[in-house]
Each structure stands twice: as C-alpha cells, then as structure tokens.
*Asks:* 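Would you mind keeping the following structure in view while I ask a few things?
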There are 2 protein chains.
Amino acid sequence: MTTRENAWGRWVTGLASSIERRNGVSLWRQIADRILQAIANGDFAENAALPPEIALAERYGVNRHTVRSAIAALVQEGVLKAEQGRGTFVLSRKRLSYPIGARTRFSAGLQGQTTERHIALLSSSTEPASRRIADALGIAKGAAVIRLETRGEADGHAVSRATTWFDAKRFAGIEAAMAETGSITTSLKRFGINDYLRQSTVLSARHADADDLAALDLQPGAIVLVTVAVNVTLDGEPIQFAESRFPAERVELKLSAGD
Amino acid sequence: MTTRENAWGRWVTGLASSIERRNGVSLWRQIADRILQAIANGDFAENAALPPEIALAERYGVNRHTVRSAIAALVQEGVLKAEQGRGTFVLSRKRLSYPIGARTRFSAGLQGQTTERHIALLSSSTEPASRRIADALGIAKGAAVIRLETRGEADGHAVSRATTWFDAKRFAGIEAAMAETGSITTSLKRFGINDYLRQSTVLSARHADADDLAALDLQPGAIVLVTVAVNVTLDGEPIQFAESRFPAERVELKLSAGD
DNA sequence: TATAGTTGTCTATATCAATAGACAAATTTT
DNA sequence: AAAATTTGTCTATTGATATAGACAACTATA
C-alpha cells in the first residue's frame, strides 16, 4: 500500500490506489476501470456528478485529456453521460450480484434484482469431446457431445455468456428444447432430470476475447469472471459441463453460504 | 464464437480466441494473457517448447516482434525460459487451486499443493471505519478499526494480498499477535475465538493496482481476482472484514460444495 | 560439416497513447 | 449581465506500441 493520508477523520476509501505506466494497459483504460470500480463501490450515487475532469486528472496524476479518454469509453459503454457546461453523470450504478453455490440457477439467481431475464441460445453444434470435457462428463474422449453457446440477459443487458456441453447420446435434441424453452432447467426435465446440483465450480478471470466482447456488449480490454462448473444429478451422475463468462464491471458473484 | 474449424476429429480447444486492437490493452499484453491461459489450460506440457515465434505471430495475426514482447514479459515473470537457437520453454505449468467456502482458511486451503505457506504482515494501522466496513462489522461509522495489510505466500511465491479490518476495541493488539504468529486463526484464539465461519463472500475481478503488482510480483496489466468476505463467530457476531486479491494467472478459486 | 530452424539484435517507419496549452461552447452562479 | 465553472475541440510534441526487413548467434540435424 502506498503511503496515504490516514489522519483521523480524513477521507479513507478502504481500497488501494494508484496508476501504473508502460504496463501494456493504457492509462485511460486503467482510469476507466477505477471509475467503474468506484461507481460499483457506491462512491458516487446514481445520477450524481463525477468530479470535474481537472480534479480527476489531478487525483490520478494524469493529463486532463487522458481522463477524457477514460470518460469517453464509459460514455460509449452507457455508464456515464457527459453534458457540456454541466458535468459528467453516473447513469447505472450497481453491479448485479449473482449468487453462486450448489443450487445456482440462472433465473433463480437474479430474483428481485431485475424484472426480465432469460437465456438466449446463440448456436449449437455437435463435436467430439476433448479430454477435459470427457473427464468431466465421465465419457470417453472423442465421444460426441452437444455444445451450446448461450447468452444470459437481464433487463435487456447481457450479463453472461456461456458455453455448455452435454453427452450427445444421453441428451440428444437438447438444443431444440433449449431453443424452445429458453431454460436449461426446463430442458433437462424433458430428459427426466428434475433436480441437479453443482458438483464443482472453479473461478478465474481474464481479459474478454473478441467473441465475449461482442456478445456481452463490452468495450475491448474489459475483464470477465470465468466459472467452470460441473452439474450432476442427485445421484452424482455428471450431466453438464459449462464455462460461463461474466463481465466483471457489471456482475459480481456472491457465494451463498449453505445453499 | 467466431467461425472455427470444427470438423469431426479436428483439434478443438473448447475456448474462444482472437485478438483485439486499439482497446486500451496492448497486443503484447493480450498475447501474454493468452499464452498464460493456454499453459494453465494444459495446452503445453511442463518443460515443453512453445511453438516458434513466427508460428505464434501467424496464429495471433501479429508481427513476430509483438510476440517477442509478450514472451519477454513472461520470461521476466518466470513462466517461460527462452534459449537462443533452441526454443522457448514452459517453466511453471499449473495454477494453484484455492478452495473457498464457509470454512476457508489460508493454510488449510492449499494443503497438498505446496510445501511451505504462511502469511506475512506487511503493515498495520488504526483508522476510522468507513460506512462499508462499519456496516459489515456492525459498529458505528467512524469507530476505530485495525487495518492489516498481509501477503500470502506458498513455496516462495506470493499468491494473495489481503487487507483486513477488525474492530479496534474488541481486538486491540491483534496486529502484534499476527506479526508474531503469522496466522489470523491463531491470533483470533487469543481473543477467545476458536472457530469462525465465512458469512458471505463476494467475488469480482479487476486490473491489479500498483501496490498489488509490487506485493504479488506481477507484471503491470495483470488481473486479480477479488474476494470481499465477512467472517463471523459461530454465534453470528461479525469479527473480520477482508478484501483479498489473487493473481488470476497463478490462482484459481475452487468452490467447495458443502464445506 | 553444411544446412535448416530458432532466438537475439539492429534500423526504420507508422500509428496509438499521453502531455501540454489555448480557446470555444454551454451551463450555473454571482 | 458578468464571472466562474465545466465540457468540447483544436494543434503540437513526445514516448510507447506495432510493423517490416535484414542479419547475427546459437542449436540441432541431415
């Protein structure tokens, strides 16, 4: 932690801070990240004005134009709105908090936080199972698996992008059911699976790739949270292997204690 | 997902791919990320040679010198080793898998994966509680809290960087105990707390800031996984508020099902 | 011992990122 | 109405990023 003002009664963020140069990440992107973070953190109320550009430039130790680049990116992203002569204002404040645990479901997860939510099936295909997927699903490497590319949406915003694999023999035609119902849980019921659990979840993070950028409507350079999960029946039979990507700037994952 | 070769029997990664330009993230940093990802994914065995620079340049659609910049960063990071005339080789392959759940502890978490592990106390201070911390700890805003800056280490590598807050009244002197024992669990026992649970954990991700870069020995532009957690006694009394940062390239978080 | 393949170094050039300063345009405050 | 504040636009300059090509240095193999 850099030496910071910490006199009693002073303003304390509780978060570390400072900007790095010649890193491979441009200053304006770093500052955009920081502003997003501050907004998600509640440092600025909704509809509140950001500090003026000159003040931000001073705070981050950069030129005003650099701050302007950061703001321009966030304006294009729909997070901020700049008005000449008045100031720059916060449009959307909160990150969605996405529960994750043994009984994680997409729709159940966001209850109360959003009004509309569903999963869109982007594409489907059949392919041979890689080692990784075969092991997870307990089938032979090279056996046919159905691959679904989906996007989760809430209130018109894309909040997740997932790639899911099923054993093609056991779940033949699940892509049609998925396209029809828009729900994996409902689709699985057609195959006699009324309940399932998340056996394991592994979390990581990385820069979003081109496909995720497009599907999630992100600015290049954005970070995605990645979960790799195996779902199993109550008997422990693996049924689904999935890699989901969440935009870190819009979504946080909340671990539910017991569930 | 971009249109990709998917003929039966062909090589299929199961992961998306492609490089974005003028994003705020330099090409060499993106490529370094991708190579790290591929290594963590097991695409390259330990000690195996990477494809030659020209092949990588072609695969990613960039100049050979750009690939060289990415490799140079990974060499400095200790992930790769380049040998003139021979090739570039993978040194460390695996990411640590860090269990996280109701009973997450630092040392218990990495059992079996590493030989040596401990927490180093970097600094401590007393400050007034911000709204966020006060709410989490159930104390008044502005009340004194003890703040600990720590670094988790395993096998000589920094694997986590945390900022922890305790109620200063209830846990006066905990920084001394922490410095002495090198363990939060042990320190808490001195205050009569023999067991505690993780009440909530919220996960997010962002670019590492300057302090985390230094403490975790990361290259600028690296991504950190962030967990914000509240620990409570078995009676539900909140005792600890913590924000931990994990280098995404070295650590993944594994959700333990029941625990 | 050649030859091919690979990493290392150098020069040159074009574009992006960042700084600097000046001033216009719009809004709010005095 | 005037002044102060704030965002918007323009020009100019510097350094980092990326491309391009040539060749040296080193290793492994035919």
Side-chain angles (χ1 to χ4, degrees), chain A residues 18-35 44 47-91 207 210 219-222, chain B residues 18-35 44 47-77 79-91 207 210 213 219-222:
Chain A
S18 102
I19 301 283
E20 280 293 294
R21 285 159 194 270
R22 65 188 79 169
N23 335 7
V25 181
S26 61
L27 294 186
W28 64 261
R29 161 75 26 210
Q30 292 182 66
I31 288 167
D33 282 355
R34 295 275 303 276
I35 292 174
F44 306 110
N47 298 320
L50 240 58
E53 294 168 352
I54 298 179
L56 288 173
E58 198 170 342
R59 176 186 298 184
Y60 295 125
V62 300
N63 191 274
R64 180 183 155 225
H65 295 293
T66 308
V67 169
R68 282 183 61 75
S69 298
I71 289 176
L74 296 178
V75 166
Q76 217 204 327
E77 222 167 309
V79 176
L80 299 178
K81 188 176 137 196
E83 290 181 32
Q84 183 172 136
R86 294 194 65 216
T88 304
F89 302 88
V90 178
L91 289 182
H207 285 122
Q219 286 302 103
Chain B
S18 103
I19 300 283
E20 283 291 296
R21 304 170 108 91
R22 66 188 75 170
N23 339 9
V25 182
S26 62
L27 294 186
W28 65 262
R29 161 65 35 203
Q30 292 183 65
I31 289 167
D33 281 356
R34 295 276 303 276
I35 292 174
F44 305 112
N47 298 320
L50 239 57
E53 293 168 353
I54 299 178
L56 288 173
E58 199 170 341
R59 175 185 299 185
Y60 295 125
V62 299
N63 191 274
R64 180 184 156 225
H65 295 293
T66 308
V67 169
R68 282 182 61 75
S69 298
I71 288 176
L74 296 178
V75 166
Q76 217 204 330
E77 221 167 311
V79 175
L80 299 178
K81 188 177 136 195
E83 291 182 32
Q84 183 171 130
R86 293 193 64 217
T88 304
F89 301 88
V90 178
L91 288 181
H207 285 122
L213 289 177
Q219 286 302 104

*Asks:* Checking all strands, does B:Thr88 fall into the base, sugar-phosphate, or nothing category for heavy-atom contacts under 4.0 angstrom?
*Replies:* sugar-phosphate

*Asks:* Quick one: the side chain of B:Arg64 and the base of C:dG8, do they pair up donor-acceptor inside 3.5 Å?
*Replies:*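 Side chain to base: pair found, below 3.5 Å.
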
*Asks:* Quick check on D:dT5: is either OP1 or OP2 less than 4.0 Å from any side-chain nitrogen or oxygen of A:Arg86?
*Replies:* no

*Asks:* Where the side chain of A:Arg68 is defined as all heavy atoms beyond and including C-beta, which of C:dT19, D:dT19, D:dT7 is the nearest nucleotide?
*Replies:* D:dT7

*Asks:* Rounded to the nearest 0.5 Å, how far does NE2 of B:His65 lie from CD1 of B:Ile71?
*Replies:* 12.5 Å

*Asks:* What's the CD-P distance between A:Glu53 and C:dG21, to the nearest Å?
*Replies:* 17 Å

*Asks:* Can you measure from OG1 (B:Thr88) to CG (B:Leu50) and round to the nearest 0.5 angstrom?
*Replies:*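 Answer rounded to 0.5 Å: 6.0 Å.
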
*Asks:* What is the distance from CD1 of A:Ile31 to C1' of C:dT19, rounded to the nearest Å?
*Replies:*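 The answer, rounded to whole Å, is 12 Å.
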
*Asks:* Hey, what do you get for CG (A:Leu27) to CD (A:Gln30), rounding to the nearest 0.5 Å?
*Replies:* 5.5 Å

*Asks:* I need the CD1-P distance between A:Ile54 and C:dA20, as an integer number of Å.
*Replies:*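 Atom-to-atom, A:Ile54 to C:dA20, this comes out as 13 Å.
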
*Asks:* Whether B:Thr66 contacts D:dT17 is assessed here as follows: a side-chain N or O lying under 4.0 Å from the phosphate OP1 or OP2. Is that the case?
*Replies:* no

*Asks:* Of the candidate nucleotides C:dT28, D:dA25, D:dT17, which contains the atom at the shortest distance from the side chain of B:Gln84?
*Replies:* D:dA25

*Asks:* Taking only N and O in the side chain of B:Ser26, is any of them less than 4.0 Å away from OP1 or OP2 of D:dA16?
*Replies:* no

*Asks:* Can you check the B:Gln30 CD to D:dT17 C1' distance for me, whole Å?
*Replies:* 12 Å

*Asks:* Quickly work out the A:Asn63 CG to D:dG8 P distance and round it to whole Å.
*Replies:*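 Roughly 16 Å, once rounded to whole Å.
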
*Asks:* Rounded to whole Å, how long is the line connecting atom CD of B:Glu83 with atom P of D:dA25?
*Replies:*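 Spelled out: CD on B:Glu83 to P on D:dA25 is 19 Å.
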
*Asks:* Whole-Å distance between C:dC16 P and A:Trp28 CH2?
*Replies:*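 Going from A:Trp28 (CH2) to C:dC16 (P), I get 12 Å.
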
*Asks:* Counting C-beta onward and ignoring hydrogens, is there a side-chain heavy-atom pair between B:Val90 and B:Leu80 closer than 4.5 Å?
*Replies:* yes

*Asks:* Just compare C:dA18, C:dT7, D:dT7 and give me whichever is closest to any side-chain atom of A:Leu27.
*Replies:* C:dA18

*Asks:* Whole-Å distance between C:dT6 P and B:Lys81 NZ?
*Replies:*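 Checked: the NZ to P distance equals 18 Å.
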
*Asks:* Could you tell me the separation between the CD1 atom of A:Ile54 and the CG atom of A:Asn63, rounded to the nearest 0.5 Å?
*Replies:*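 Answer for the CD1-CG pair, A:Ile54 versus A:Asn63, is 10.0 Å.
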
*Asks:* Among C:dG8, C:dG21, D:dT7, find the nucleotide with the atom closest to the side chain of A:His65.
*Replies:*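 Given the options C:dG8, C:dG21, D:dT7, the side chain of A:His65 is closest to C:dG21.
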
